[in-house]
Each structure stands twice: as structure tokens, then as C-alpha cells.
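Below is one structure, written out as C-alpha cells, with a few remarks after it.
Predicted model, so just to flag it, every value in this text is computed and none were measured. Both backbone and side-chain heavy atoms feed into the values below; hydrogens, waters and symmetry mates do not. Whatever order the structure lists ligands and atoms in, that order sets their numbers, starting from 1.
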Amino acid sequence: MSAQHFDTIIIGAGASGLFCAFQTALFGKSVLVLDHANKAGKKILMSGGGRCNFINTNVGSANFVGENPHFVKSALSRYTSEDFIALVQKHGVAYHEKGRGELFCDNSSKDILNLLLTECQDAGVSIRLNTSITAIHAANTDNNTMPNFTLDVQPKDGKAHSLTCQFLVVATGGLSIPTLGASGFGYQVAQQFGHRIVPTTASLVPFTFTDDTGEMIKSLAGISLDVVAKNARASFALPMLFTHRGLSGPAMLQLSNYWQAGESITINLLPAADVKTLLLTAKKRTPKQRLRTVLADFFPKKLLTAFEAHFWQAHKDTELANIKDETLVSLAETLHAWQIKPAGTEGYRVAEVTRGGVASDDVSGKTMESKLQPNLFFIGEVLDVTGWLGGFNFAWAWASGYACAQSI
Ligand code: FDA
């Protein structure tokens, strides 16, 4: 029996795969989407705390991390936030804006998945779930009427068989959250065709600590604080959350995109005040005050007690008049630039994304086609493109899927 043929096979029924599927089918191509998971779009359903932060109104290349910062520009300019918002409106999905241009569904992430599945159905896309790909063979023919790829597949409850296609799109995402179907399969396919993989690491992920800093952080679990978190490469003025495992919240997740193992990070715990002036002025005006009283307006009581034990235990009960100016200046510097070294991160188990992936230098930023293997494409998170928190990773899924579909 000859193998069933499709113009295009897309591996991965996630955000980028489903989006690319219907955009490709709109050109009259036969499209099959394969996924080893039992459900399409599992990450979409989990995203945005169940409300899917499906786009940001202000997407630019500066919101992405990768070896080549220019790689995303072409695709992002051809499928914009406005384009996706128009699609959302066409489907009557109710949404709202949170801070910083983040658009979320009013009701449920299901609305975005249903939008994609409806578009796929209307465009005649076939989707086969519970299907593993066991091998990929390339024919490498110049004759475009011949199938270029043969895929050996194994359905969970069926017989192993082969499929052929002219165009193969790898949309398998990253390694984050293996229980949602994540696998390194896309990287294997890339390597099979000679692509380099930029080392991968969990990103948009909370930091963990093992030293006494970690003990203090744990004791403050549940408290959120507006901070400026930075390292040599990036700086974010956002809330930080103390948790039982370490430091989380938007400030930490964003900074994790720029963090390398072993590096320290610097946190301004009181960006809204000039602590040096505050303490030196208080020393002059109210010399009998304790540090905790001067800082009481700025930190919740529990936080203040923990900071007192951690940062100025020796001067806990000392009146300001009896604390040297240089000690107050040094304390101000510590609160404005608290240097801590994370032991690591919570890893792929909870990370929203994977940093690194298929190196962009061997993939066309215009078409997403491999420069090493004709008719092979990579889209979405499998590439070395990592967006900030705030709808940017979906923005990339849509834009890269669109660019690919236009060129197939
Ligand atoms: P995606 O992961 O969506 O899809 C990959 C598909 O490939 C999956 O269906 C998987 O089963 C399949 N697959 C993997 N290996 C396979 C194999 N060997 N064979 C067959 N199929 C295989 N982003 C954002 O912009 N806004 C947000 O609100 C959030 N929220 C969020 C929450 C959580 C908890 C997570 C984990 C992630 C987010 N993200 C996000 C990130 C966003 O979900 C992510 O970047 C996109 O889904 C990436 O789209 P892709 O299509 O590249 O991969």
C-alpha cells in the first residue's frame, strides 16, 4: 500500500503548528498536523493562568532573546498584534488589557484554542493526535512534484505506517513542562539535517536559593514587593514574589530570560525612595528613632522584621543617633542593590519557556525555511527565540507560523 501523501505535514499541534496549519491550508494546500499528545494546544489551555495572554499590543524585537536579535524582525513586521487582534475579534472572543499591553481572554484560554481549531476545520486541515513520529527520511529531489519527506509514524492505538509530504514543518515547541507534551524531538530533527542547537535552558522561571538568603525568602512566602531586578544585560521594574521555593513574580521571571547559571542578580528593594537621604535626614530630625520605625512606611511588617534580622541585626535596637553615617549609607546601598546568587531555577517542570533551540543562523528569518534542507521549516519556540513575559511568546508563534505559511 502506498503512503498517504499531504502537501504539508506539521509536527506539533500547539500554538504555532495550528496557526501555520490553517494559514497554509488557506492557499489550497492539503495539511496534516501530527501530535503525540492526546489533546491539541495543551499549553494554550494552561497559559495566562487559564486566560491566555494571547498577544501584547506592543511587540518588537527588543522583547526577544536569542543569538541573533534581528532574526525575528521580518516575521514580526508581516504578522502584527493588530492582525491577531482582528482574528480574535472576528471570532467574538471577549478580552481585556492588563498592564503593559498584555491582552487576556475574559473567559478562558479555551477561546483561543477553539479559534485555532475552528480555523483549521474551516480550512480543511487534518489533525491526528496520539501519533508518534519514529523516523523522518528526506528524498532531496529537485523535482517539486515528488514527495520530499517520508515520515514513519506510530499511532497509539493503530498500526505503524508511513506518510509523505513535500513540505515538513517542525512546530514541536520547547522542553518546558514535559507533562504537557514537551519533548526535545524538534531538536533531534534539526540535528538530523545538520542544524546547530543553541544550548537550552528553562526560562521565564522562578529562582531558587540554598543559603541563608533562601531561608529568609521562604519565611516571607506570599509577600509581593515592587522592585527593580537587574543584571549586566537587563533590568526590570516589576513586582517580585517571595515563595516557599525562592523568588518569583514578573520581575524574576523576566530576568531569568537573561540569567546564566552561577551569576548574581541585583535587586533594588526600595526603588520608590532614596533610602540614603531618608536615613540621614531621619537621624538629624528624629535621632531617637530606630531603623525599623523609619522604614515602616515602606515595607509590610513581616518583611521589615525579616530584613531587620538579615540586614541590620547589629543595629536592631540602636537609636539612629548612635549609628554611624557610613553604616546608614551602606545599609541604603544594600537595600537599593541587594546582591544575591540564585542556586538555580525551578527548571523545566514549571518554566513557561525554553531559552535556546534551533540556531537562527541556518534558518531564513523571512520564510522559516532551513538553509540546509530545502522544504524543511521550523516555527515557534523550537527556534532560538525566547519572548518576554506578557504575550510575546504567542506573538512569535503566530508571526513565525504566518511567515512559514506564506512561503510554502
Ligand atoms: P507548543 O508547546 O505550543 O506546541 C508544541 C506541540 O508539539 C505540543 O502540542 C506537543 O505535544 C507537540 N510535540 C512535542 N514533541 C512532539 C513529538 N515528539 N511528536 C509529536 N508532537 C510533539 N506565552 C504567552 O505568550 N502568553 C502566555 O500567557 C503564556 N502562558 C504560558 C503558561 C505556561 C504554563 C506555559 C508552559 C507557557 C506559557 N506561554 C505563554 C508560552 C507559550 O505557551 C509557548 O511559547 C507557545 O505555546 C509555543 O508555541 P509552539 O507552537 O512553539 O509550542
Side-chain angles (χ1 to χ4, degrees), residues 9-21 32-56 59 63-64 81 84 95 98 101-105 108-109 112-113 116 127-136 151-156 168-189 202-206 250 253 257 346-355 357-358 368 377-401 404:
I9 293 182
I10 298 175
I11 308 176
S16 64
L18 292 174
F19 191 81
C20 183
L32 171 68
V33 184
L34 296 173
D35 203 300
H36 64 170
N38 60 356
K39 211 171 177 173
K42 284 190 179 185
K43 268 191 198 166
I44 298 172
L45 293 176
M46 285 278 289
S47 67
R51 293 244 163 92
C52 189
N53 177 194
F54 54 82
I55 199 81
N56 195 290
V59 178
N63 305 115
F64 295 86
S81 309
F84 195 77
Y95 65 92
K98 278 201 185 167
E102 299 162 357
L103 300 191
F104 285 80
C105 296
S108 159
S109 301
I112 297 298
L113 181 57
L116 295 170
I127 300 175
R128 291 186 197 164
L129 302 173
N130 286 312
T131 303
S132 299
I133 295 94
T134 50
I136 296 173
L151 278 66
D152 297 338
V153 301
Q154 175 65 66
K156 193 168 165 231
L168 180 63
V169 182
V170 179
T172 46
L175 296 168
S176 317
I177 322 214
T179 49
L180 295 181
S183 82
F185 184 69
Y187 309 136
Q188 285 171 38
V189 177
S203 214
L204 294 184
V205 65
L253 300 189
N257 262 359
E346 289 193 39
Y348 291 119
R349 192 180 53 83
V350 296
E352 283 202 13
V353 289
T354 300
R355 206 166 78 211
V358 179
M368 303 298 136
F377 296 77
F378 296 92
I379 57 172
E381 203 184 308
V382 73
L383 283 159
D384 172 34
V385 173
T386 308
W388 286 9
L389 194 73
F392 299 100
N393 285 294
F394 282 137
W396 176 244
W398 318 139
S400 58
C404 172

Fill in: Point-to-point distance, once rounded to the nearest 0.5 Å, from NZ of Lys39 to CG of Asn130
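Interatomic distance, Lys39 NZ to Asn130 CG, rounded to 0.5 Å: 12.0 Å.
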Look at [atom] and say which protein heavy atom is nearest, naming residue and atom and giving the distance to 0.1 Å.
| atom | answer |
| --- | --- |
| atom 15 (N) of ligand 1 | Ser183 OG, 2.6 Å |
| atom 13 (N) of ligand 1 | His36 NE2, 3.5 Å |
| atom 33 (C) of ligand 1 | Glu352 CG, 4.0 Å |
| atom 29 (C) of ligand 1 | Ser47 CB, 3.6 Å |
| atom 1 (P) of ligand 1 | Gly14 CA, 4.1 Å |
| atom 12 (C) of ligand 1 | Asp35 OD2, 3.2 Å |
| atom 44 (C) of ligand 1 | Glu381 OE1, 3.1 Å |

Practice prompt. Tell me yes or no: between the side chains of Ser400 and Ser16, is some donor less than 3.5 Å from an acceptor?
Written response: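 The criterion, which ignores hydrogens and geometry beyond distance, is not satisfied for Ser16 and Ser400.
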Item to complete: Verify side chain to side chain contact (heavy atoms under 4.5 Å, CB included) between Cys52 and Phe394, making sure each step is shown before the conclusion.
Response: CA-CA 9 Å; Cys52 189; Phe394 282 137; 3.6 Å; yes
Discussion item. Measuring from non-hydrogen atoms of Ala13 to any atom of ligand 1, is the shortest distance under 4.0 Å?
Written reply: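 Yes, Ala13 has a heavy atom closer than 4.0 Å to ligand 1.
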Practice prompt. Look only at interatomic distance and state if Asn53 has a nitrogen or oxygen under 3.5 Å from any nitrogen or oxygen of ligand 1.
Written response: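 Yes, at least one N or O pair falls under 3.5 Å.
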Discussion item. With respect to Gly48, determine whether any N or O atom, backbone or side chain, lies less than 3.5 Å from an N or O atom of ligand 1.
Written reply: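 Indeed, backbone or side chain, Gly48 has an N or O that close.
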Item to complete: Check the angle between the aromatic planes of Phe19 and Phe84 and answer parallel, tilted or perpendicular using the 30° and 60° thresholds.
Response: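 Phe19 vs Phe84 ring planes: tilted.
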Fill in: Proximity winner for atom 40 (C) of ligand 1, if only heavy atoms of Phe378, Tyr187, Phe394 are counted
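Heavy atom nearest to atom 40 (C) of ligand 1 belongs to Phe394.
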